[in-house]
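These values consider heavy atoms only, across backbone and side chains, with no hydrogens, waters or symmetry-generated copies.
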Amino acid sequence: MSVRPLLGSVGCSSRYYTTSGTRSDDGLTLPLDDIDRPLTEKRLLRKLDLRAAFLTLIYIMNIMDRYNVAAARLHGFEEDLGMTGNQFNSLIGILYVGYLLTQAPSNMILHRVKRPSLYLSSCMIAWAAITICMSAVPTYHTALILRFFLGFVEATFFPGAVFILSRWYKHNELGLRIALLLCGSSISNAFGALIASGILGSLDGALGFTAWRWLFFVEGVFTIVVAVSAIWILPDFPSTPSVWLLPDEQRLAKRRMEEEVAAVGHERKPEENSSGLFEAFIDWRVWWLGVALHLIACSQSFTIFFPTLSATMGYSATTSLLLCAPPWILGTATLFVVARHSDVTGDRFWHIAGPLLIGIVGFMIAISTMNTAMRYLSLYEPPSLFCDSTGLRAPHRFFMAQNAVAFVVFLTWVMDTFSQSQSKCAAAIALINTMSSAGLISSSYIWPSSWGPSYVNSYIICILASVVSIAMCWVFREHLSRCNRAAEVEENVLGLPEGFRYLL
């Protein structure tokens, strides 16, 4: 009988076989008979969740430092640097060129290091320093170079954080924790705009500097403070001794991951340094899911220009930034509910397709909201706040903000699928997220100011991207379903107990 994992590289080979026992990373079996497992596991998860929450804070700073140029644009950033045409769009897109070059190699490095907390903290200090340098740029080309290197360094964090979480949490726990991490994006989009409005409104002209220069400086300094704290707060790997865990908690953390390996039928063989990257590179599923996430990222490209889109309502720059917050607050709340429900039910596809369909509704409303009756869609804020004299101009963004929910569940699905080996999982996460970042490079050009203020063409592109991504996820779900049925047939023929099944 084949011992190739179900859905190993291309086909549907069997994933079921027996193992002689579970072993820790250092090769020693870890006895746990002398501890109260439920109580110890509860303590362990509580400590882990606190540190996972700090990852969320780092991701908030990551997003704020990435998108603060959109807020700076409302206070003379383009004019001061003499930008013309699509130069601002190039400034947005160049950051993701750096992302493309770094994510996969960084995660392979992260898989080999003993102290990922030190590695990620060092990268964070580097991108904070670049953000501070942005406050002193004299020309557009200088800003362009700094934005490239900002993306080059920032790219290490998100795929690295996802990989670290996958080394601590079980599959039925990951969805909620990935949601906790990804809510940093929504929180940053919401409160980052509020912070930016405060800085831009109160420090303009202070010490002779314009408001947008203060924005980069203040946010960069705050990022350095968080980065230094992260050296002692971020978790490493379960195999790395941790002063914040009791001995029985450390042993249980290792055993939990051993049980996950046994559950997915992991082949217990040494992994070479480059094997995981090579296996991920030749696996068609990586490219399929990467293209699907690329399209989801394109459908979310409106987040980069959210302050600009809010400004089309005719309010002042500060008010436009303040109006960015409510949709993302709602999106954050929805994110937790959907991600937790996905974990409990074991369903992935419909929890991806549902938010994308809601986002499509939002895009369609954005195209056709000259009808005053559409004001009633503003269920979460007073209609007068979001409507101008022509009709609804903002409630659709409450729908559009749900797209981020699909991103969370999608990443969890990726980790479910590529759990055969730790190195392959790390490489797959990085490669798929790299293709997602490539979507943000191209999509930064689908919101030209010449298409405003309606941006009908931009919304149509987002709709098409969402529809195609849903179709690709459906095809992948059907493939997983066929492979699960093949495994069930083989177990029945050979009289084997029920083995692993992929989540659909």
Side-chain angles (χ1 to χ4, degrees), residues 25-26 43-66 68 98-99 102-135 146 149-169 177-178 180-185 187-188 191-192 195 216-247 249-250 253-254 257 422 426 429-430 433:
D25 294 336
D26 57 9
R43 293 201 316 266
L44 173 63
L45 289 176
R46 183 168 59 246
K47 290 182 178 180
L48 281 175
D49 288 342
L50 289 175
R51 291 173 187 269
F54 196 80
L55 283 172
T56 303
L57 176 60
I58 297 177
Y59 194 46
I60 290 173
M61 302 311 303
N62 184 283
I63 297 296
M64 287 176 60
D65 293 339
R66 188 189 313 175
N68 49 18
Y99 263 68
T102 309
Q103 290 188 84
S106 174
N107 252 29
M108 298 314 298
I109 293 172
L110 190 65
H111 173 64
R112 310 306 305 177
V113 300
K114 296 294 185 181
R115 291 287 310 278
S117 58
L118 187 60
Y119 174 75
L120 292 181
S121 299
S122 300
C123 293
M124 189 178 182
I125 291 174
W127 92 56
I130 294 173
T131 301
I132 292 176
C133 291
M134 282 289 294
S135 66
L146 287 178
F149 284 108
L150 179 64
F152 191 86
V153 181
E154 273 199 354
T156 61
F157 175 72
F158 181 72
V162 171
F163 178 60
I164 289 175
L165 292 177
S166 72
R167 293 287 299 271
W168 285 96
Y169 290 102
R177 274 68 185 195
I178 296 297
L180 176 65
L181 174 64
L182 262 294
C183 80
S185 176
I187 292 173
S188 179
F191 296 100
I195 294 172
F216 289 119
F217 181 81
V218 172
E219 291 188 353
V221 170
F222 185 47
T223 301
I224 286 182
V225 173
V226 175
V228 173
S229 304
I231 297 175
W232 293 277
I233 297 177
L234 287 183
D236 292 312
F237 294 132
S239 58
T240 304
S242 303
V243 296
W244 52 278
L245 288 178
L246 298 175
E249 295 167 348
Q250 187 92 49
K254 294 181 181 180
M257 293 300 100
Q422 293 172 351
I429 292 170
N433 206 58

Please report the closest heavy-atom contact between Ile195 and Glu219, naming both atoms and the distance. CG2-OE2, 4.5 Å
Give the minimum heavy-atom separation between Ala155 and Gly98, together with the two atoms involved. CB-O, 4.5 Å
Could you tell me the separation between the CG atom of Leu55 and the CG atom of Leu234, rounded to the nearest 0.5 Å? 5.0 Å
Atom pair OG (Ser106) and CG (Leu120), whose distance is rounded to the nearest 0.5 Å: 7.0 Å
Begin from the C-alpha positions of Phe163 and Leu110 and carry the test side-chain contact (heavy atoms from CB on, under 4.5 Å) through to its verdict. CA-CA 9 Å; Phe163 178 60; Leu110 190 65; 4.1 Å; yes
Val226 vs Thr223, test: side-chain contact (heavy atoms from CB on, under 4.5 Å). Steps then yes/no. CA-CA 5 Å; Val226 175; Thr223 301; 5.7 Å; no
Among Thr102, Ile130, Ile125, the one residue meeting side-chain contact (heavy atoms from CB on, under 4.5 Å) with Val153: Ile130
Please confirm whether the backbone N or O of Asp236 pairs with a side-chain atom of Trp168, one donor and one acceptor, at under 3.5 Å? yes
A side-chain contact here means heavy atoms from C-beta on lying under 4.5 Å apart; do Asn433 and Val162 qualify? no
Is there a donor in the side chain of Asp49 and an acceptor in the side chain of Tyr169, or the other way round, less than 3.5 Å apart? yes
Distance check, rounded to the nearest 0.5 Å: Arg66 atom CZ versus Tyr99 atom OH? 3.0 Å
Can you measure from CZ (Arg115) to CD1 (Ile231) and round to the nearest 0.5 angstrom? 8.5 Å
Please tell me if the side chains of Arg177 and Leu48 come closer than 4.5 Å, counting only heavy atoms from C-beta onward. no
Kindly determine whether Tyr119 and Thr156 satisfy side chain to side chain donor-acceptor pair (under 3.5 Å), including the steps that lead there. CA-CA 9 Å; Tyr119 174 75; Thr156 61; 5.3 Å; no
So which atom in Ala104 and which in Ala430 form the shortest heavy-atom distance, rounded to 0.1 Å? CA-CB, 3.3 Å
Would you check if Phe54 and Ser229 make a side-chain contact, meaning some heavy-atom pair closer than 4.5 Å? yes
Can you tell me how far apart CG (Leu181) and CG (Leu57) are? Round to the nearest 0.5 Å. 11.5 Å
Looking only at non-hydrogen atoms, find the nearest pair between Pro235 and Pro116 and report the distance. O-CG, 4.2 Å
Residue of the set Lys254, Arg46, Lys47 for which salt bridge (Lys or Arg N to Asp or Glu O under 4.0 Å) holds with Glu249: Lys47
Between Gln103 and Gly160, is there a donor-acceptor pair closer than 3.5 Å when you use the side chain of the first and the backbone of the second? no
Can you tell me how far the OG atom of Ser242 sits from the CZ atom of Arg51, to the nearest 0.5 Å? 8.0 Å
Between Phe216 and Asp65, is there a side-chain heavy-atom distance shorter than 4.5 Å? no
Is there a side-chain contact (heavy atoms from CB on, under 4.5 Å) between Glu154 and Met61? Walk through the geometry before answering. CA-CA 10 Å; Glu154 273 199 354; Met61 302 311 303; over 6 Å; no
CZ/Phe217: more than 12 non-hydrogen atoms of other groups inside 6.0 Å: no
For Ser117 and Ala230, which heavy atoms make the closest approach, and how far apart are they? CB-O, 4.4 Å
